[in-house]
Amino acid sequence: MRIAVDPDGEGGGRLAELDPSGVRGAAAETGDLAVGVAEREAGGAEAVRWVWADTSEAYPPLLGRGVQVGRCHDVGLVEALLLAHAGRFGEPHALGAAWARLHGREVPPDPVRRAGRGGEEQPALFAAESGTLPPGTDRLAALAEVHADQWRRIGGLPDPGRFALLCAVESAGALAAAEMRRTGIPWSAAVHDRLLTAQLGARPPAGARPAVLAGLVEEVSAALGREVNPDSPAQLLKAFAAAGHDVSSTRSEVLRAVDHPAVRPLLRYKELARLHSAHGWAWLDAWVRSGRFRPDYVVGGVVSGRWATRGGGALQIPKAVRGAIVADPGWRLVSADAGQLEPRILAAVSRDAALARAAGADDLYARLAGAFGGDRQRAKIGLLAAMYGQTGGDAAPLLAVLRRAYPRAIGFLDRAAEEGERGGLVRSWLGRTCPPPSPGWRNTVAEGGPDAGGAARGRGRFTRNFTVQATAAEWALVLMAAVRRGLAGMDGSDGRPEIVFFQHDELVMHVPARLAGETADLARRAADEAGRVMFGESPVRFPLDVSVVDCYADA
DNA sequence: ATTCGCTGCCAC
DNA sequence: AAACGTGGCAGCGAAT
């Protein structure tokens, strides 16, 4: 059963049951939406799928009242998927835009959401989606109308079942993202501070360099015979040139090969300066409140369907600070990481029987090694090169080997690349569709100038990778949805087990210690289920590396 | 004072 | 060495 939800922005709102063509019966008005949703979520014999304009707006207030829901249909996210499928990636996809297109009106731009810092509530933009509907429009009616239209459009696609699954897991992801933001990653500011102090020295006044960094700046300057700011590539290039070393850049990899006494302290400086600027005390102050880091996830924020985050850099937490992620007393962190996901996805989508057999093993690369004279590392480099579109350097001979051993898999990638080079669209397994090329790209390629070949090949690499990365992302969403459902069914008497972190192909759960084993089993079963739901019966397996730890650094 | 392109490095 | 996909973000330095 589908029920449309129209919040009034003041805790109340309207609810109306939907059918494929619109509203069924009369809308129910309530002064307390949380109560109305909770009753229907718990009550009926049939599970509810909540239909709303924007999960990131509608759901947090419910969570704030302790109300979790199982399923939803996020009209904005589904609209974006449908537009992309029609070759219209990036057009406004909020409810107001979808409604305006239905009515042949001028399409308003989507509302812009700013980043909210760690401790803050969601930005209190008053019912942002209403702003994109013309004043006086019945929002519930508009929601029902757009939903009916989306239902119809999905039904008209070549594979509506797959696309409906994509819409369902994208929406489930939005639920999980809101829940994760509310819950937060358990983060020990004390451990983080100790870790910083041990490496950088005592916390300096705001804006000043910590003692260890200041000392390294002195060392670098002394070795180069002049004052330099090591944060300035321009100054470093000049100083090295003056010292007789014409370096092409100041990247660590380049500097490592330079024989000069400034190099060692400079590399140390770069490493520690990164820690200080990206995840130092300022980051801690801005993003960690009451023992939790609460990143602002952007579901579908990456073209491939991966998530992005707004502020806080949650998807780039460096290994160096993962020691600060510590379970609460009596709780455990359960980390579940899909191993070798992208080559397994390639095996599944290309229906390459030989690669699929290799993907039936725990270590896919080891099974490929035979074709490379037993060299697992070369097998791995070759397969990654094929998926990323690398052609030069050491990759060429490896690709030739792969092409012979796994012609269907490599052929699949080649076709995706050719489609991209022609300016065409490619899709994931469930139907997520890449953006069309820009007008600038079309001009460059059509004119056939010196940049034409490079531009075409560049887009070929993108579409080649898109098919695999986007399918891997949706496999991960199916996994997350299954784990989320399983956790919701567990005994919550010691506290509710929850997903607290999601990073492309990895989930971290924070659970009462008693439930850790059950959670690990749940994750493994969910990975099997994700493979079956996506690809049916197949020799391809999706093994998870699962660890139960107190500290994420030990995962 | 703010904006923006560039460099460089972190994650997958 | 760099090659090679998707991103976020800090700092620099020039342009506005």
Side-chain angles (χ1 to χ4, degrees), chain A residues 115 207 209 213 228-238 247-258 266-267 269-280 282-283 286-287 295-298 300-322 337-343 345-346 380-399 413 416-417 420 426 428 432 434-435 454 457-473 475-476 501-508 545 552:
Chain A
R209 277 198 176 100
L213 287 179
V228 289
N229 175 4
D231 292 324
S232 167
Q235 287 183 32
L236 284 175
L237 286 178
K238 271 190 206 150
V247 291
S248 59
S249 86
T250 62
R251 285 199 288 275
S252 296
E253 288 305 308
V254 173
L255 292 175
R256 234 177 279 283
V258 175
L266 178 53
L267 291 175
Y269 175 88
K270 279 171 169 282
E271 191 184 339
L272 292 177
R274 166 85 193 177
L275 174 65
H276 179 242
S277 70
H279 285 91
W283 181 91
W287 290 101
D296 198 359
Y297 295 96
V298 186
V302 178
V303 286
S304 62
R306 285 180 172 184
W307 292 7
T309 56
R310 242 185 319 247
L315 301 180
Q316 306 127 258
I317 299 169
K319 306 253 195 282
V321 301
R322 292 185 177 187
D337 187 346
Q340 308 170 339
L341 179 57
E342 294 195 350
I345 292 291
L346 173 62
K380 176 177 178 178
I381 289 172
L383 194 51
L384 290 173
M387 289 187 296
Y388 286 161
Q390 178 186 345
T391 51
D394 300 339
L398 304 180
L399 282 171
L413 293 169
V426 296
S428 69
R432 191 186 303 271
C434 79
R457 283 191 297 279
R459 187 151 194 284
R461 284 192 298 276
F462 164 61
T463 52
R464 169 193 296 270
N465 186 256
F466 180 95
T467 56
V468 177
Q469 191 181 109
T471 305
W475 178 89
F501 188 45
F502 172 56
Q503 187 173 227
H504 308 313
D505 59 2
E506 175 186 14
L507 285 170
V508 180
D545 293 326
Y552 186 45

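We name chains A, B, ... by the order of the sequence lines, and we start the count at 1 in each one. In this text the structure is predicted, and so the values were computed from the model without any measurement.
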Could you tell me which residues satisfy side-chain contact (heavy atoms from CB on, under 4.5 Å) with A:Arg464, sequence neighbours excluded, listed by chain and number?
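Per chain and number, A:Arg464 pairs via side-chain contact (heavy atoms from CB on, under 4.5 Å) with A:Leu413, A:Asp414, A:Ala417.
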If you find the nucleotide of DNA chain C closest to A:Gly458 and the one closest to A:Ala314, which residue's nucleotide is nearer the 5' end?
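Looking at DNA chain C, the more 5' nearest nucleotide goes with A:Gly458.
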If I compare all heavy atoms of A:Phe466 with all of A:Val303, which pair ends up nearest, and what's the gap?
CE1-O, 3.4 Å
Could you tell me whether the phosphate oxygens of C:dG7, OP1 or OP2, come under 4.0 Å of any side-chain nitrogen or oxygen in A:Ser304?
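Checking C:dG7 against A:Ser304, no side-chain N or O comes under 4.0 Å of OP1 or OP2.
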Rounded to whole angstroms, how far apart are CH2 on A:Trp287 and C1' on C:dG8?
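That distance rounds to 11 Å.
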Can you name the side-chain contact (heavy atoms from CB on, under 4.5 Å) partners of A:Gln390, sequence neighbours left out?
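For A:Gln390 the side-chain contact (heavy atoms from CB on, under 4.5 Å) partners, ignoring immediate neighbours, are A:Ala385, A:Ala395.
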Test of understanding: with side-chain contact (heavy atoms from CB on, under 4.5 Å), list the residues that count as partners of A:Pro318, not counting sequence neighbours.
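Partners of A:Pro318 by the side-chain contact (heavy atoms from CB on, under 4.5 Å) criterion, ordered by chain and then number, come out as A:His279, A:Val321.
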Rounded to whole angstrom, note down the P distance from C:dA2 over to B:dT7.
15 Å
Could you work out the separation of C:dC4 and B:dC12 based on their P atoms and round it to a whole Å?
22 Å
Separation of atom CZ in A:Phe462 from atom C1' in C:dG7, rounded to whole Å:
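Computing the A:Phe462:CZ to C:dG7:C1' distance gives 12 Å.
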What residues form a side-chain contact (heavy atoms from CB on, under 4.5 Å) with A:Ala476, not counting sequence neighbours?
A:Phe502
Spacing of A:Leu384 atom CG relative to C:dG5 atom P, expressed in whole Å
13 Å
Nearest-neighbour nucleotide for the A:Ala257 side chain, C:dA10, C:dA1, C:dC4 considered
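For the A:Ala257 side chain, the nearest candidate turns out to be C:dA1.
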Rounded to whole Å, how long is the line connecting atom CD of A:Gln390 with atom P of C:dA3?
10 Å
Side chain to side chain contact (heavy atoms under 4.5 Å, CB included) between A:Arg459 and A:Cys434, worked out
CA-CA 11 Å; A:Arg459 187 151 194 284; A:Cys434 79; 3.8 Å; yes
For A:Tyr269 and C:dA10, give me the distance from atom OH to atom P, rounded to whole Å.
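Spelled out: OH on A:Tyr269 to P on C:dA10 is 15 Å.
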In this structure, how many angstroms lie between the P atom of C:dA3 and the CZ atom of A:Arg461, rounded?
10 Å
Using a 4.0 Å heavy-atom cut-off across all strands, classify A:Glu342 as base, sugar-phosphate, or nothing.
nothing
Calculate the interatomic distance between A:Leu383 atom CG and C:dC4 atom C1'; express it in whole Å.
14 Å
When rounded to whole Å, the CZ to P distance for the pair A:Arg209 and C:dA10 reads 17 Å
Below the 4.0 Å mark, does C:dC12 have OP1 or OP2 next to a side-chain nitrogen or oxygen of A:Asn229?
yes
Kindly indicate, with the supporting measurements, whether the criterion side chain to side chain contact (heavy atoms under 4.5 Å, CB included) is fulfilled by A:Glu342 and A:Leu346.
CA-CA 6 Å; A:Glu342 294 195 350; A:Leu346 173 62; over 6 Å; no
Sugar-phosphate means primed atoms, P, OP1 and OP2; the rest is base. With that split, encode nucleotides 7-12 of chain B 5' to 3' as B, S or - using protein heavy atoms under 4.0 Å.
SBBBSB
NA contact type, A:Gly312, heavy-atom cut-off 4.0 Å: base, sugar-phosphate, or nothing?
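Answer is sugar-phosphate: A:Gly312 comes under 4.0 Å of backbone atoms only.
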With DNA chain C as reference, determine whether A:Gly313 or A:Gly389 sits nearer its 5' end, using the nearest nucleotide of each.
A:Gly389
For A:Val468, which contact category applies under a 4.0 Å heavy-atom criterion: base, sugar-phosphate, or nothing?
nothing
Partners of A:Tyr269 by side-chain hydrogen bond (donor to acceptor under 3.5 Å, both in side chains), sequence neighbours excluded?
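Here the qualifying residues are A:Arg209, A:Asp231.
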